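Below, chain A is the first sequence line, B the second, and so on; all start at residue 1. Because the structure is a prediction, the values reported are computed rather than measured.
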Amino acid sequence: MASLTSPTNTTNSPDPTFPSLENCQSMTHLKQIHSQFIINGAINNPVVQTRLIAFCCTHNAGDMDYARGLFAAVPDPNVYVWNTMIRGHSRRNSPINAASLYVEMLEKGVKPDDYTFPFLLKSIAPGIGFNLGREFHGQILKLGFDSNVFVQNALIHMYALFGEMGVARQVFDKCSKRDVVSWNAMISGYNKVKRFEEAVRVFVEMERERIGPTAVTLVSVLSACAKLKDLEMGKRVHLCVEDYDIELNLILENALVDMYAACGEMGVAVEMFRNMNVRDVITWTAMVTGFANAGQVDQAREYFDEMPERDKVSWTAMTDGYLRASRFKEALDVFREMQASNIRPDGYTMVSILRACAHLGALEVGEWIRCYIDKNKIRRDVVLGNALIDMYSKCGNVESARKIFEQMVQKDKFSWTAMIVGLAVNGHGEEALDLFTDMLEASIAPDDVTFIGVLSACTHGGMVEKGRRIFSKMTIRHGIEPNMAHYGCMVDLLGRAGHLKEAQEVIQNMAMKPNSIVWGALLGGCRIHKNAEVAEIAVKKMLELEPENGSVYVLLSNVYAACNRWKDVHKIRDLMMVKGIKKIPGCSLIEMNGAIHEFVAGDVSHSQSAQIYSKLEEMAQVLKVAGYQPDTSEVLLDIGEEEKETAIYQHSEKLAIAFGLISSGPKATIRIVKNLRMCNDCHRMAKSVSRVYNREVIVRDRTRFHHFRHGSCSCKDYW
DNA sequence: TCCCCCAAAG
């Protein structure tokens with residue numbers, strides 16, 4: 001038979017009954033060899049049996065079912081063979097199979113040895129077999145294997161996998177002998193549970209005990225330094241490479257590049273990157289992330305475009321870069337490119353895209369992502385659930401946000417906070433407060449952000465007394481010192497409700513120097529309650545803090561306009577002209593069929609500009625007939641009344657509404673995201689549109705949502 | 001035959 005002279009039993013093994021399986025690469029090949037042994041009788045040799053089993057258990061192409069068959073034919077397997085079988089199951093992370101083999105082995109009277117438990121413990125993977133792992137630990141203690149360093153290290157690793165670093169530490173502390181692997185297992189364990197300071201501390205402890213680190217140690221510690229952005233420590237670890245004569249390898253170089261990149265040392269990172277002989281996708285991705293985090297998203301993109309290959313992590317890193325740079329449309333573009341190149345996104349990618357959708361108010365894309373997640377069975381973990389809640393509520397769809405929230409099996413404080421904030425900004429103040437009560441009942445500790453949500457719920461709902469109570473409880477009961485944003489909320493709450501004096505008292509009693517946002521909140525109250533005197537105080541303070549901030553002048557002029565002090569309105573306008581201060585241009589976004597359309601006031605750049613303006617003209621007539629009166633009081637230009645009307649007709653949100661009316665179906669909700677506060681007139685007009693055109697219009701402005709329906713707004717004209 | 005390692009999230 002020709003196969004008797006196959007390459008497996010030529011050079012190294014002159015004896016055909018003791019073949020080498022070195023060149024065997026596949027199960028097909030192994031089965032051929034197996035049949036030869038059956039034919040020539042070598043199959044009865046225990047060494048041959050063992051080698052065949054070992055192939056199935058250790059080779060990448062190995063088949064455990066086949067191993068089981070071979071194993072069954074072995075009359076009296078020794079401990080080595082049992083270990084090999086257990087190892088086979090551990091490679092495939094099936095602790096149940098590994099454990100049942102172990103039980104079988106004991107039943108057959110074979111005693112485990114030093115190798116058995118490391119294999120058993122290795123079969124355990126995150127999420128599966130923790131209880132088995134504890135049972136293995138029990139067996140280890142019972143049979144006295146707990147002084148073996150390999151067993152100890154495997155135990156540390158197993159507990160670390162489940163985030164049980166307390167138990168891991170106990171095992172570590174009790175170790176009779178510790179080697180460098182024990183230390184490495186502790187460091188990587190702390191990394192796994194994101195306790196990076198602890199990881200570094202273990203490394204320092206290790207240095208003190210004069211345990212020489214290995215490349216593995218340095219890689220783990222560098223990873224911790226990267227997460228902590230601890231450049232000093234990172235450099236110290238870098239020095240260890242020479243001090244301990246550790247040979248560089250790709251993983252270690254990647255860890256170094258990543259550490260420097262994460263710490264913003266892009267110069268060093270680039271130099272190391274250039275000096276590397278071999279780079280892989282991780283090296284490149286570390287560079288992309290580094291530039292992105294340093295705010296140099298265009299540099300990141302250059303590296304990204306040069307990458308020889310990209311995986312989902314690289315694509316997500318690029319998306320995150322655009323997110324960080326507030327270039328949300330480009331973030332969505334990257335996602336589209338990613339799909340075009342057939343890379344399958346995962347939960348991380350989804351979170352990024354959802355964040356972009358949240359910023360853009362891109363509900364269609366967001367919905368599409370939710371369907372994609374469900375269809376592709378992407379695990380909806382807490383983070384992804386939270387991102388969905390945030391996306392829905394920032395797109396003005398609280399009902400869906402609430403649905404996601406209710407469906408979540410696991411909720412953390414971020415889930416609760418996202419939902420509370422979502423309800424609050426969408427005008428469901430009472431519901432937000434109810435949810436806050438539920439949160440406390442569920443023993444989830446609120447944080448400072450939760451209180452921003454709760455206080456703004458009170459603000460948007462005009463619940464002054466509740467707000468006062470919650471504000472005082474925040475410190476007393478929950479131990480959270482109010483920060484600038486909390487004071488801002490309180491001033492806003494009191495100011496809007498007309499308690500301008502109390503609002504000023506809050507500012508006076510602040511533990512820190514009030515910033516312009518706090519004064520701005522007071523100013524907002526002055527506009528509503530037409531108090532020019534207090535407004536002037538607030539403006540003076542704001543201009544001391546930010547002399548170039550044009551919106552301050554705009555706000556003050558709005559107050560004067562509300563008080564009918566037209567001379568002062570003109571004075572402000574002239575002052576702005578002289579100082580060359582411009583207001584931030586208003587900008588509105590609207591999503592249509594997955595594309596984001598952007599409008600600024602007077603915009604003629606849109607491809608359907610002509611239709612949009614003729615729709616606006618039609619709207620002007622139709623709405624006026626229906627009783628809508630333009631409100632030009634907030635126009636800052638020194639022009640005639642008619643021109644003022646023209647000016648406000650071209651506000652970006654009106655252009656977006658007109659575009660929405662002509663581009664969507666007759667019943668579709670129009671959703672707009674505006675970068676500034678809505679002006680009085682746009683608000684008035686949107687109410688009118690919702691009635692006359694029988695359309696729901698949702699506008700998200702800087703701080704809250706306006707849900708226009710049947711001629712009125714969810715904010716009750718109070719914003 | 002065994003144990004430890006690199007890039008992305010609210």
Side-chain angles (χ1 to χ4, degrees), chain A residues 50 53-54 57-58 79-88 90-91 113-122 145 148-158 160 178-189 191-192 194 213-224 226-227 249-259 261-262 280-290 292-293 310-321 323-324 345-355 358 381-391 412-415 417-418 421 449:
Chain A
T50 306
I53 291 173
C57 292
T58 57
V79 65
Y80 180 95
V81 182
W82 284 101
N83 285 347
T84 307
M85 283 298 290
I86 292 173
R87 183 184 178 195
S90 86
R91 279 169 51 82
D113 66 6
D114 287 349
Y115 290 86
T116 312
F117 287 105
F119 288 138
L120 277 172
L121 290 166
K122 210 40 207 310
F145 284 104
N148 178 285
V149 72
F150 284 90
V151 175
Q152 289 166 343
N153 294 344
L155 270 175
I156 293 171
H157 180 237
M158 188 272 292
R178 286 182 207 148
D179 62 8
V180 65
V181 177
S182 327
W183 290 90
N184 293 351
M186 286 304 291
I187 295 172
S188 79
N191 277 349
K192 256 179 219 121
K194 300 187 195 302
T214 62
V216 174
T217 321
L218 302 192
V219 167
S220 290
V221 183
L222 285 167
S223 164
K227 294 291 190 308
N249 60 40
L250 179 59
I251 295 177
L252 181 51
E253 285 183 297
N254 282 349
L256 281 164
V257 168
D258 180 55
M259 182 277 293
D280 66 2
V281 66
I282 293 179
T283 329
W284 285 91
T285 305
M287 295 301 287
V288 171
T289 311
N293 287 342
R310 304 178 194 91
D311 63 9
K312 57 186 158 204
V313 180
S314 338
W315 283 97
T316 308
M318 196 60 242
T319 313
D320 285 336
L323 278 182
R324 190 174 289 264
D346 65 0
Y348 283 91
T349 321
M350 298 287 110
V351 169
S352 280
I353 303 304
L354 287 171
R355 283 177 59 206
D381 65 3
V382 191
V383 181
L384 189 47
N386 295 349
L388 280 166
I389 293 175
D390 194 48
M391 181 277 292
D412 60 12
K413 73 170 175 188
F414 298 103
S415 329
T417 301
V421 173
V449 183

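For A:Val313, the side-chain atoms get nearest to B:dA8 when compared with the rest of B:dA8, B:dC3, B:dC4. Taking the side chain of A:Val216 as heavy atoms from C-beta on, and the options B:dA9, B:dC3, B:dC4, the nearest nucleotide is B:dC4. When distances run from any side-chain atom of A:Asn184 to the nucleotides B:dC6, B:dC5, B:dC4, the shortest one goes to B:dC4. Among B:dA9, B:dC6, B:dG10, the nucleotide with an atom closest to any side-chain atom of A:Asp320 is B:dA9. Counting only heavy atoms from C-beta on, A:Phe119 has its side chain closest to B:dT1 among B:dG10, B:dT1, B:dC6. Among the nucleotides B:dA8, B:dG10, B:dC3, the one closest to any side-chain atom of A:Thr316 is B:dA8.
If you take CE of A:Met350 and P of B:dG10, they are 15 Å apart, rounded to a whole angstrom. Rounded to whole angstrom, the span from the CE atom of A:Met318 across to the P atom of B:dA8 amounts to 15 Å. The CG atom of A:Leu155 sits 12 Å away from the P atom of B:dC4 (whole-angstrom rounding). Across the protein-nucleic acid pair, A:Asp113 atom CG and B:dC2 atom C1' stand 10 Å apart, rounded to whole Å. The distance from atom CG of A:Asn83 to atom P of B:dT1 is 13 Å, rounded to the nearest whole Å. Summarising the geometry, the separation between CG on A:Leu121 and P on B:dC4 is reported as 10 Å, rounded to the nearest angstrom. The distance from atom CZ of A:Arg87 to atom P of B:dC2 is 5 Å, rounded to the nearest whole Å. Put simply, CD on A:Glu253 is 14 Å from C1' on B:dC5, counting in whole angstrom units.
By the 4.5 Å heavy-atom criterion applied to side chains, A:Cys57 and A:Arg91 are not counted as neighbours.
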For this session: Please report the C-alpha distance between A:Arg178 and A:Val149 in whole Å, then the side-chain angles of each, then the deciding distance to 0.1 Å, and finally whether the side chain to side chain contact (heavy atoms under 4.5 Å, CB included) criterion is met.
Result: CA-CA 7 Å; A:Arg178 286 182 207 148; A:Val149 72; 5.8 Å; no
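Residue A:Asn191 is classed as having no contact, given no heavy-atom separation below 4.0 Å to the nucleic acid. Across all strands, A:Asp311 comes closer than 4.0 Å to base atoms (heavy-atom distances). Backbone-only contact: A:Lys122 has heavy atoms under 4.0 Å from sugar-phosphate atoms and none from a base. Within 4.0 Å of A:Ser352, counting heavy atoms only, lies no atom of the nucleic acid at all. Counting any heavy atom pair closer than 4.0 Å across all strands shown, A:Val180 reaches no nucleic acid atom. Using a 4.0 Å heavy-atom cutoff across all strands shown, A:Tyr80 reaches at least one base atom of the nucleic acid. Using a 4.0 Å heavy-atom distance criterion, A:Asp381 is classed as a base contact. Note on A:Asn249: nothing from the nucleic acid sits closer than 4.0 angstrom, heavy atoms only. At the heavy-atom level, A:Asp280 lies nowhere under 4.0 Å from the strands shown. Among the protein residues, A:Lys192 comes within range of the sugar-phosphate backbone only, with heavy atoms under 4.0 Å from sugar or phosphate atoms but none that close to a base. No contact: A:Thr84 has no heavy atom under 4.0 Å from any strand.
With centres under 5.5 Å and a plane angle under 30° as the test, the ring of A:Phe150 is not stacked against the base of B:dC3. B:dA9 has no base stacking with the ring of A:Tyr348 when judged by centroids under 5.5 angstrom apart and an interplanar angle below 30°.
Taking side-chain N and O atoms only, A:Ser223 has a distance below 4.0 Å to OP1 or OP2 of B:dA7. Within the 4.0 Å cut-off from OP1 or OP2 of B:dC4, at least one side-chain nitrogen or oxygen of A:His157 is found. In this model, the phosphate group of B:dA8 is approached by a side-chain N or O of A:Lys227 to a distance below 4.0 Å at OP1 or OP2. Distances shown here put every side-chain N or O of A:Arg355 at or beyond 4.0 Å from the OP1 or OP2 atom of B:dA9.
Once rounded to the nearest 0.5 Å, the distance linking CG of A:Asp320 with OG1 of A:Thr289 reads 8.0 Å. One finds the CZ atom of A:Phe414 at 12.0 Å from the CG atom of A:Asp390 (value rounded to the nearest 0.5 Å).
With A:Thr316 as the partner, the side-chain contact (heavy atoms from CB on, under 4.5 Å) test is satisfied by one option alone out of A:Asp311, A:Val351, A:Val288, A:Thr349: A:Thr349.
Put simply, the side chain of A:Asp280 gets close to the backbone of A:Thr283: a donor and an acceptor are under 3.5 Å apart. Here the side chain of A:Asn386 pairs no donor or acceptor atom with the backbone of A:Ile389 at under 3.5 angstrom.
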